[in-house]
Amino acid sequence: MQPLTLDFYQKYDTLTLAQRLLGCTLVHQSPYGITAGIIVETEAYLTDDPACHAYRKKTKRNAAMFGPAGTVYVYQIYGMHYCVNIVSGEEGVGEAVLIRALEPTEGIELMEERRRNGVSRVSSVECRMSNGEPVRHSALSPRHLCNGPAKLVKAMGISIEEHNGSSLLTGNLKIYPSVLKEFEMVTTTRIGITQGADLPYRFYVTGNRFVSRK
DNA sequence: CGCACGATGCTCT
DNA sequence: GAGCATCGTGCGC
C-alpha cells in the first residue's frame with residue numbers, strides 16, 4: 001500500500017479534505033518502533049475563520065500553515081500540550097486540518113509507554129487486582145490512548161522540533177489511504193474554541209469508540 | 001457517568 | 001498581560 005500523494009492533499013478544499021482524511025491511517029516510523037492509527041476525528045481551520053491560527057497573519061508559530069498541502073503543522077497549547085495538523089489548500093494560504101483522534105492499530109505498547117512518561121502513575125503502580133495483576137491506568141487503556149489531539153501527538157511520538165514544517169510525502173510521518181469502506185459521518189461544531197464556535201467544521205466517524213467526545 | 005479546576009509556558013497584543 | 005484548537009484528577013451522583 002502506497003501513502004497518500006501530493007495530489008490527494010491538493011485536490012480537495014480544506015473542508016472536504018477534513019472529511020476525506022477520516023478512515024485514513026497516520027503512521028510514524030520512529031527509531032523506537034512504528035505506531036499507527038486510523039483517523040476518526042478531524043476539524044477544519046480555514047483562512048477566513050477567526051479560530052484559525054492563520055486568520056490574522058503569518059508569524060513564526062503559524063508559518064507551517066502557509067506551506068504546501070501535505071505539510072505538517074505542530075503547535076504547543078496550554079504550555080504543556082501539542083496538536084498536529086495537516087496543511088491544506090494553496091501554498092501561501094493558511095489552512096489546515098486538525099487531527100483530533102485516532103483508533104490505534106499498531107504499536108499500542110509503545111503508545112502506552114510514551115503516554116505513561118510524565119503522567120501520574122499512582123493507579124498503575126499502587127493499585128492491583130485481587131490476583132496481583134496491576135491495574136492499567138485508566139488514561140492508558142487503548143480507548144484513551146489517542147482520543148484527543150494532544151494525546152495522539154504524545155502517543156505517536158510526534159514533536160514540534162522534528163515534525164513542524166515537515167512533509168507527509170518525504171518524512172517518517174505518513175498517511176495511508178482509507179481502510180474504512182463505508183461509514184457514516186457526524187458533522188458538529190468544533191471543540192474548545194470561542195471564536196468561530198458555531199461553524200460546523202468538526203467531523204467524526206459515527207459510532208467510533210475512539211472519538212474524543214460525542 | 002458528568003462537571004469543575006489547576007497546571008504551565010509560549011505567542012501575540 | 002491575556003488568552004489559549006488540552007488533559008488528568010477529584011468529587012458528587
Measure the distance from [atom1] on [X] to [atom2] on [N] and round it to the nearest whole Å.
X: A/Lys154; N: C/dC7; atom1: NZ; atom2: P; answer: 11 Å
X: A/Ile160; N: C/dT6; atom1: CD1; atom2: C1'; answer: 15 Å
X: A/Arg213; N: B/dG2; atom1: CZ; atom2: C1'; answer: 11 Å
X: A/Asn117; N: C/dG8; atom1: CG; atom2: P; answer: 13 Å

- Message: Any residue in residues 84-97 of chain A with a heavy atom nearer than 4.0 angstrom to DNA chain C? Just list them by number, or reply none.
- Response: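 Of all residues in residues 84-97 of chain A, the ones placing a heavy atom under 4.0 Å from DNA chain C are A/Asn85.
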- Message: Heavy atoms within less than 4.0 Å of DNA chain C: which residues of residues 39-55 of chain A have one? Give them sorted by number.
- Response: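 Under 4.0 Å from DNA chain C: A/Tyr45, A/Ala51, A/His53.
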- Query: Are A/Phe203 and A/Leu15 close enough that some pair of their side-chain heavy atoms sits under 4.5 Å apart?
  - Reply: yes
- Query: For A/Asn172 and A/Glu162, what are the C-alpha separation, side-chain angles and deciding distance, and is it a side-chain contact (heavy atoms from CB on, under 4.5 Å)?
  - Reply: CA-CA 10 Å; A/Asn172 61 11; A/Glu162 180 177 4; 2.8 Å; yes
- Task: Could you tell me whether the phosphate oxygens of C/dG8, OP1 or OP2, come under 4.0 Å of any side-chain nitrogen or oxygen in A/Lys151?
- Result: yes
- Just call it for A/Tyr75: base, sugar-phosphate, or nothing, with non-hydrogen atoms closer than 4.0 Å on any strand. base
- Message: Under 4.5 Å between side-chain heavy atoms, counting indirect links through other Ile/Leu/Val/Met/Phe/Trp/Tyr residues: same cluster for A/Leu6 and A/Leu173 or not?
- Response: yes
- Query: Where each pair must be Watson-Crick or G-U wobble with both distances under 3.5 Å, what dot-bracket representation of DNA chain B is obtained, with crossing pairs in [ ] and other-strand partners as |?
  - Reply: |||||||.||||.
- Task: State which residues pass ring pair (Phe, Tyr, Trp, His ring centres under 6.0 Å) with A/Tyr12; sequence neighbours excluded, sorted by chain then number.
- Result: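 With neighbours one apart ignored, the set is A/Phe8.
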- Look up atom CD1 in A/Ile86 and atom CD1 in A/Ile39, then write down how far apart they are to the nearest 0.5 Å. 6.0 Å
- Considering residues at least two apart in sequence or located in another chain, which fulfil the side chain to side chain donor-acceptor pair (under 3.5 Å) criterion with A/Asn85?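 Expected list: none.
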- Query: Which residues satisfy the side chain to side chain donor-acceptor pair (under 3.5 Å) test with A/Thr47, sequence neighbours excluded?
  - Reply: none
Would you say [X]'s side chain and [Y]'s backbone share a donor-acceptor pair under 3.5 angstrom?
X: A/Thr42; Y: A/Ala18; answer: yes
X: A/Thr105; Y: A/Ala36; answer: yes
X: A/Lys154; Y: A/Asn117; answer: yes
X: A/Arg100; Y: A/Glu41; answer: no

- Item | Near-strand residues of residues 188-204 of chain A, defined as heavy-atom separation under 4.0 angstrom from DNA chain B |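 Nothing qualifies; none.
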- Task: List, by chain and then residue number, the residues other than A/Val27 in its hydrophobic cluster (Ile/Leu/Val/Met/Phe/Trp/Tyr, side-chain heavy atoms under 4.5 Å); write none if there are no others.
- Result: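 Via sub-4.5 Å side-chain contacts, A/Val27 links to A/Met1, A/Ile34, A/Tyr176.
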- Query: According to the ring pair (Phe, Tyr, Trp, His ring centres under 6.0 Å) rule, which pairs have a member within residues 28-52 of chain A, sequence neighbours left out?
  - Reply: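 Listed once each, the pairs are A/His28-A/His163.
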- Residue pairs fulfilling ring pair (Phe, Tyr, Trp, His ring centres under 6.0 Å) with at least one residue in residues 90-112 of chain A, sequence neighbours excluded: none
- Note on the structure: Reading nucleotides 6-13 of chain B from 5' to 3' and marking B where a protein heavy atom lies under 4.0 Å of the base, S where only the sugar-phosphate is that close, and - otherwise, the string is -BBBSSSS
Validation: residues 184-193 of chain A side-chain donor-acceptor distances under 3.5 Å, sequence neighbours left out:
unit_1   : atom_1 : unit_2   : atom_2 : d
A/Thr188 : OG1    : A/Arg202 : NH1    : 3.1
A/Arg190 : NH1    : A/Ala44  : O      : 3.0
A/Arg190 : NH1    : A/Asp49  : OD2    : 2.5
A/Arg190 : NH2    : A/Asp49  : OD1    : 3.0
A/Arg190 : NH2    : A/Asp49  : OD2    : 3.4
A/Arg190 : NH2    : A/Gly196 : O      : 3.1

- Message: Could you walk me through whether A/Leu26 and A/Ile158 satisfy the side-chain contact (heavy atoms from CB on, under 4.5 Å) test, starting with their C-alpha distance in whole Å, then the side-chain angles of each, then the deciding distance to 0.1 Å, before giving a yes or no?
- Response: CA-CA 11 Å; A/Leu26 179 65; A/Ile158 294 168; 4.3 Å; yes
